[in-house]
Protein chains: 2
Amino acid sequence: MNSMSEKNDTKSDVARSDITREKLLENALDVFGRYGFDGASTRKITNAAGVNLQAIPYYFGSKEGLYIATADYLANIIGQYIGGMRQRMAEQIAALDATGMPLGEAQARLFLNEIVETMVVLFVSKKSEAWARFIIREQMEPTAAFERVYSGVMGPMIGLGRRLIGAIIADDPASENVRLRCLSFVGSLMVFRMANAAVLAQMEWDAIGDKEIARLQQHARRLVAALGPAKGEIS
Amino acid sequence: MNSMSEKNDTKSDVARSDITREKLLENALDVFGRYGFDGASTRKITNAAGVNLQAIPYYFGSKEGLYIATADYLANIIGQYIGGMRQRMAEQIAALDATGMPLGEAQARLFLNEIVETMVVLFVSKKSEAWARFIIREQMEPTAAFERVYSGVMGPMIGLGRRLIGAIIADDPASENVRLRCLSFVGSLMVFRMANAAVLAQMEWDAIGDKEIARLQQHARRLVAALGPAKGEIS
DNA sequence: GTCTATAGTCGGATAGAC
DNA sequence: GTCTATCCGACTATAGAC
């Protein structure tokens, strides 16, 4: 059924091989995210993964090769989590476009609500800590890995966000205004992941559990509800 | 007048001492922010500062001592940039409180507009790149340095933001709602610093120059204008 | 495919000359 | 106060046994 069982005589080797690769990537994501490329040592990664130090040059050529592979791996994981939702929405929107019907504001708000609720859960989940650290590092000091994560996940997702926000505030999704609004909207949620320490201090929370997640989801829905056409500025 | 000229015979030494310290802190901020504590090497820092490698153990005891001192230095610098504005506003608000008069919505919006315009300039300035990197690292993996930056600058600033947003959306500044709204508001601006790479890609900007700063300031004012009482949620 | 041994480099900290 | 010289540990990558 899967690639692990093509041949009987190599089955266990291939399986071990895949497990070692997977473990390495999993732990590389965590350690690279935590300490950065320079700060992360291959020893730390292989120890955490429970594999031999030589597995890195063997499977990925070098530490740098592992880093790039980790970026692809990350884009892949996130894609698995949100790709289905994104594709479903993109298809429904495309179907509307095909009929010439505009995407309605109410429908867009429903879609956006679904997205933000998923995002909030993702942002505060234990596993996304590592992902977020990796991505934020790449944002600050982009390497060759950034392009892989951006074009694989972030770009398409922001594109969908622009489309939805455009429908909600009745503006062209390609306009500067919608782009800025969309980025700010993402920021208004992302802050709960990126500024984790400050958030906990401000909210006087010890940690983010089920109660806090529910609170954040409510807050996220309110942010969606607060989206509206631009008002006049003061001064 | 200042500590540089207490004695004539030691004047030049003390001055050199201060210059060396200052150069070290300045470059430590950049290098630590860029590579993190582990990734940053003392050789990188002293080379960039143009001082001897031994200056670090001499002045700061150790690499770790330099890191802590760098956090204080950073809190100090940022305080110099925004402390005046913050204090002026805090005093005017305190004066209102003393008379029992509430902080008006229009006044709060004016204050907030001034803050966001300053923040935008700060966020995209070349020098704040290093500051932002340092702070974001601390957010993700807080060390002893976080408390110094948070209580020195971030905490007071967020407190002011909560007060202003509370006045604008007519809610208690201590409420969960205002705390969350304030954090999200900060995030909606901070995204332009933190997600720099994604922002440039989305906006199709090569870099952030005067034109882009003006555009971001306009956008920030619109975000202030968009702040309002909570609306009903959908679904 | 996985292991041990090791080469070669770079890290932080110390000692001591000036 | 600042420099050179140096120790010692940790790092990545390679060679070769099994």
Please encode protein proximity along nucleotides 3-16 of chain C as a string of B, S and -, counting only heavy-atom distances under 4.0 Å.
BBB-----BBBBB-
Report, one line per pair, each donor and acceptor closer than 3.5 Å where one atom sits in a side chain of residues 189-200 of chain A; sequence neighbours left out.
from, atom 1, to, atom 2, distance (Å)
Arg193(A), NE, Phe123(A), O, 2.7
Arg193(A), NH2, Phe123(A), O, 2.4
Arg193(A), NH2, Ser125(A), O, 3.4
Arg193(A), NH2, Ser128(A), OG, 3.4
Asn196(A), ND2, Phe192(A), O, 3.4

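Remark: the Tyr150(B) side chain and the Gln139(B) side chain contain no N/O donor-acceptor pair separated by less than 3.5 Å. With no hydrogens or angles considered, no side-chain donor-acceptor pair links Arg221(B) and Gln218(B) at under 3.5 Å.
In this structure, Leu24(A) atom CG and dT2(C) atom C1' are separated by 13 Å, rounded to whole Å. Atom P of nucleotide dG1(C) and atom NZ of Lys23(A) are separated by 16 Å, given to the nearest angstrom. The interatomic distance linking Phe32(A) (CZ) with dC11(D) (P) rounds to 13 Å, in whole Å. In this structure, Phe60(A) places its CZ atom 19 Å from C1' of dT14(D), rounding to the nearest Å.
Distance alone, capped at 3.5 Å, places no donor-acceptor pair between the Glu117(A) side chain and the Gln217(A) backbone.
Atom CD of Gln87(A) sits in a sparse spot, with 12 or fewer heavy atoms from other residues, nucleotides or ligands closer than 6.0 Å. Annotation for Lys44(A): atom NZ counts as buried by contact number, over 12 foreign heavy atoms lying within 6.0 Å.
Tyr58(A) has no side-chain polar atom (N or O) that falls below the 4.0 Å cut-off from OP1 or OP2 of dT14(D).
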